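Here is the naming used below: chain letters follow the sequence lines, and residue numbers restart at 1 for every chain. Since the model is a prediction, treat every value here as computed from it, not as a measurement. Computation of the quantities below employed the complete heavy-atom set of this structure, encompassing side-chain atoms and omitting hydrogens, waters and symmetry-equivalent molecules.
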Amino acid sequence: MSLLSRGPVRRSARLMTVSTMDVCITEPQFDTTPTFKRRISSVEKVGPDGYAIATSEAIIAPAPEEVCSPPVAKRQKRAAKAEEKGMAKDPDGLEHTETPTKPKRRKKEIVEPVYIIPEVEKKTTTYRGRLGYACLNTVMRNKKPASESVFCSRTCRIDSVKKNGIDFVKDLGRKNVQDLLTLIQWNEDNHIRFFRLSSEMFPFASHEKYGYSLDYCSDLLAQAGALANKYKHRLTTHPGQYTQLGSPKPNVVESSIRELAYHAEMLDLMGVGPDGVMIIHGGGVYGDKPTTLKRLKESIRNLPPNIFNRLVLENDEMCFNAEDLLPLCEELNVPLVFDYHHDNLFPSSIPPKEIIQRANAIWKKRGIRPKQHLSEQRPGAVTILERRAHSDRCENLPPDLPDDMDLMIEAKDKEQAVLHLHRMYGLQPVIQASLRPPNKNPTKQTQGRKSNKRAKAAKNSLDKQLEEADENPAGDFEEEPIVHGDEEDA
DNA sequence: CTGGGTCAAGGAGTT
DNA sequence: AACTCCTTGACCCAG
């Protein structure tokens, strides 16, 4: 099933593409509302496929003939539905066109926005490997109405687990995998064959108290894995920052191993091959890097084989750079994912080229296809915090990328960042309808927490005082308003 | 439907 | 010790 045929609301929609104009329009409904008539009126001619050709304003609509009279099959379908509801039929077997006794409740019309996609700068590369994105597809996630949204990170709070029971949580997981199937198909349709699975696929699955086995979902997982395998998609995972294999606290290491076991179980049940790796960072240094590295090494050495076989390490931007990890990786035969952005922020004394060579030697030895991470800092970023935040998209591929390596693009715009690179470098054909315009004014700030309790409280108290001052302009403030200099702007 | 506060987990840095 | 940040999206409740 392709994107173009998905979903009930879309049943009469056409996604149209004008390849020469780099503009994509979607037309939502075959309707005869004034809005729609206005749109059709700007269509100049009908193409050989029966679709309208865009005018210079790039307004596209289905052929007017079809608009005025939906295809017979569709009308019959509607008639059948109407009959179910006990409505009268016309002699031609089609639905009754007169207003039923009960006034029809009109569904609120959802008008697809019109996207103007700017041209991209054309660049060249010798790279022909796969580009991937992580966990979330912005186009599918933002589908309206909300019931149409496709995503794999439904979750809940512990309180909801207690309130609704474990089956409620398991249902979330099932829905997530169901949507994963849709996303894999979307990726295939859009020539993206590399994807990171969300760690939130099964909420609390690795939780000490509320954890559960994924067996209940094995059929669906196998189905998703089979689809990915059929299309030769690579699926990987990236357990989060709380995975601390080097922690001095035994219970923290235990929790980390549970987390890894959950990810491995998911990949195993999907039937994903050895390329389905689990990437983690070195973790904290606990004030003593050499000792922590020893603990890390021991933890990894003692992992059960099904976890060890999928485990790979990645250089981070704070604690362990590539140079710190390489000796451990080489000794234990644990592959290293090279992250360009992290290496930029926390460089090794070894040049990237050499790190990559040594890393690739491990990947090769293990018979796993290498992968690297690519991201860029946000434009205008200066401070270390700003520089750590990922930009919306990536504008450049590194030089000398080998073809037998998959490149994970870590960018805020997710799949759009991949499509952006596909277009710039001519790597893959792109479906225009899948494109979204870039944010014109990206901030240099992080995506992180913007609120601050004290600042908020201060603001509230200030607002209150201003309100009071409004009511009583002559009145004095009883207290000086607290103002915090570090409060971020909205 | 929207906005704001908050969330399972761990560690580092600041005050 | 208490708090904030890391990254991040989604929950959840109030309006």
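On a pure distance criterion of 3.5 Å, a polar donor-acceptor pair joins the side chain of R157(A) and the base of dT6(B).
Y133(A) meets the ring pair (Phe, Tyr, Trp, His ring centres under 6.0 Å) test with F195(A); sequence neighbours excluded. Under the ring pair (Phe, Tyr, Trp, His ring centres under 6.0 Å) criterion, F151(A) pairs with no residue at all, not counting sequence neighbours. Under the salt bridge (charged side-chain N to carboxylate O under 4.0 Å, His left out) criterion, E376(A) pairs with no residue at all, not counting sequence neighbours. E323(A) pairs by the side chain to side chain contact (heavy atoms under 4.5 Å, CB included) definition with N321(A), S348(A), S349(A), I350(A), not counting sequence neighbours. Take F338(A) and apply the ring pair (Phe, Tyr, Trp, His ring centres under 6.0 Å) test, not counting sequence neighbours, and it matches Y340(A). Evaluation of the ring pair (Phe, Tyr, Trp, His ring centres under 6.0 Å) rule for H281(A) yields H238(A), H342(A) as partners, not counting sequence neighbours. When the side chain to side chain contact (heavy atoms under 4.5 Å, CB included) test is applied to Q428(A), the partners found at least two apart in sequence or on another chain are H191(A), R193(A), H422(A). Looking at residues two or more places apart in sequence or on another chain, you find a salt bridge (charged side-chain N to carboxylate O under 4.0 Å, His left out) between E330(A) and R358(A).
When the C1' atom is compared between dG3(B) and dC6(C), the two are found 24 Å apart, to the nearest whole Å. The P atoms of dG11(B) and dG9(C) are separated by 24 Å, rounded to the nearest whole Å. Rounded to a whole angstrom, the distance from the P atom of dG10(B) to that of dC11(C) is 23 Å. Rounded to whole Å, the separation between the P atoms of dT2(B) and dT8(C) comes to 24 Å. Taking the P atom of each, dG4(B) and dT7(C) are spaced 22 Å apart, rounded to whole Å.
Both the sub-6.0 Å distance and the 45° axial angle are not jointly satisfied by K170(A) relative to the ring of F202(A). No cation-pi contact links R157(A) to F204(A), judged by a cut-off of 6.0 Å to the six-membered ring centre and 45° from its axis.
Distance CG (D316(A)) to P (dG10(B)): 18 Å, rounded to an integer number of Å. Regarding I280(A), its CD1 atom lies at a distance of 17 Å from the C1' atom of dT7(C), rounded to whole Å. What separates CD1 of I158(A) from P of dA10(C) is a distance of 19 Å, to the nearest Å. A straight line from CD1 of I257(A) to P of dA9(B) spans 18 Å, rounded to a whole angstrom. In this structure, R258(A) places its CZ atom 10 Å from P of dG10(B), rounding to the nearest Å. Atoms CZ (R196(A)) and P (dG9(C)) sit 12 Å apart, rounded to a whole Å. Between the CZ atom of F151(A) and the P atom of dG9(C) there is a distance of 13 Å, rounded to whole Å. Distance, Q241(A) CD to dA8(B) C1': 11 Å, rounded to whole Å.
Residues M266(A) and V272(A) form no side-chain contact, since every pair of their non-hydrogen atoms from C-beta on lies 4.5 Å or further apart. A heavy-atom distance below 4.5 Å is not found between the side chains of E265(A) and D268(A).
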N/O-N/O pairs, protein side and nucleotides 12-15 of chain B side, under 3.5 Å:
unit_1	atom_1	unit_2	atom_2	d
dA12(B)	OP1	V285(A)	N	2.8
dA12(B)	OP1	Y286(A)	N	2.9

Using nucleotides 13-15 of chain C, report all nitrogen or oxygen pairs with the protein that are shorter than 3.5 Å.
none

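Picking from dT8(C), dA8(B), dT7(C) the nucleotide with the shortest atom distance to the side chain of H390(A) gives dT8(C). When distances are taken from the side chain of T155(A) to each of dA10(C), dA8(B), dG10(B), the shortest belongs to dA10(C). Closest to the C156(A) side chain, of the nucleotides dC11(C), dT7(C), dA10(C), is dC11(C).
Under the 3.5 Å distance criterion, with hydrogens and angles disregarded, a donor-acceptor pair is assigned to the side chains of S149(A) and R141(A).
The six-membered or imidazole ring of H341(A) lies away from that of H373(A), with a centre-to-centre distance of 6.0 Å or more.
Where pairing requires Watson-Crick or G-U contacts shorter than 3.5 Å, the helical stems of DNA chain C with at least three consecutive pairs are B:1-7 with C:9-15, B:10-15 with C:1-6.
Using a 4.0 Å heavy-atom cutoff across all strands shown, Y210(A) reaches no nucleic acid atom at all.
DNA chain B is contacted by Q244(A), S247(A), K249(A), V252(A) of residues 244-256 of chain A, taking any non-hydrogen atom closer than 4.0 Å.
Side-chain N/O atoms of R141(A) include one lying less than 4.0 angstrom from OP1 or OP2 on dA10(C).
Tested against E415(A), the residues N190(A), T138(A), N187(A) include a single side chain to side chain donor-acceptor pair (under 3.5 Å) partner, T138(A).
Each of N164(A) and Y242(A) was assigned the nucleotide of DNA chain C with the nearest heavy atom; the assignment lying further toward the 5' end belongs to Y242(A).
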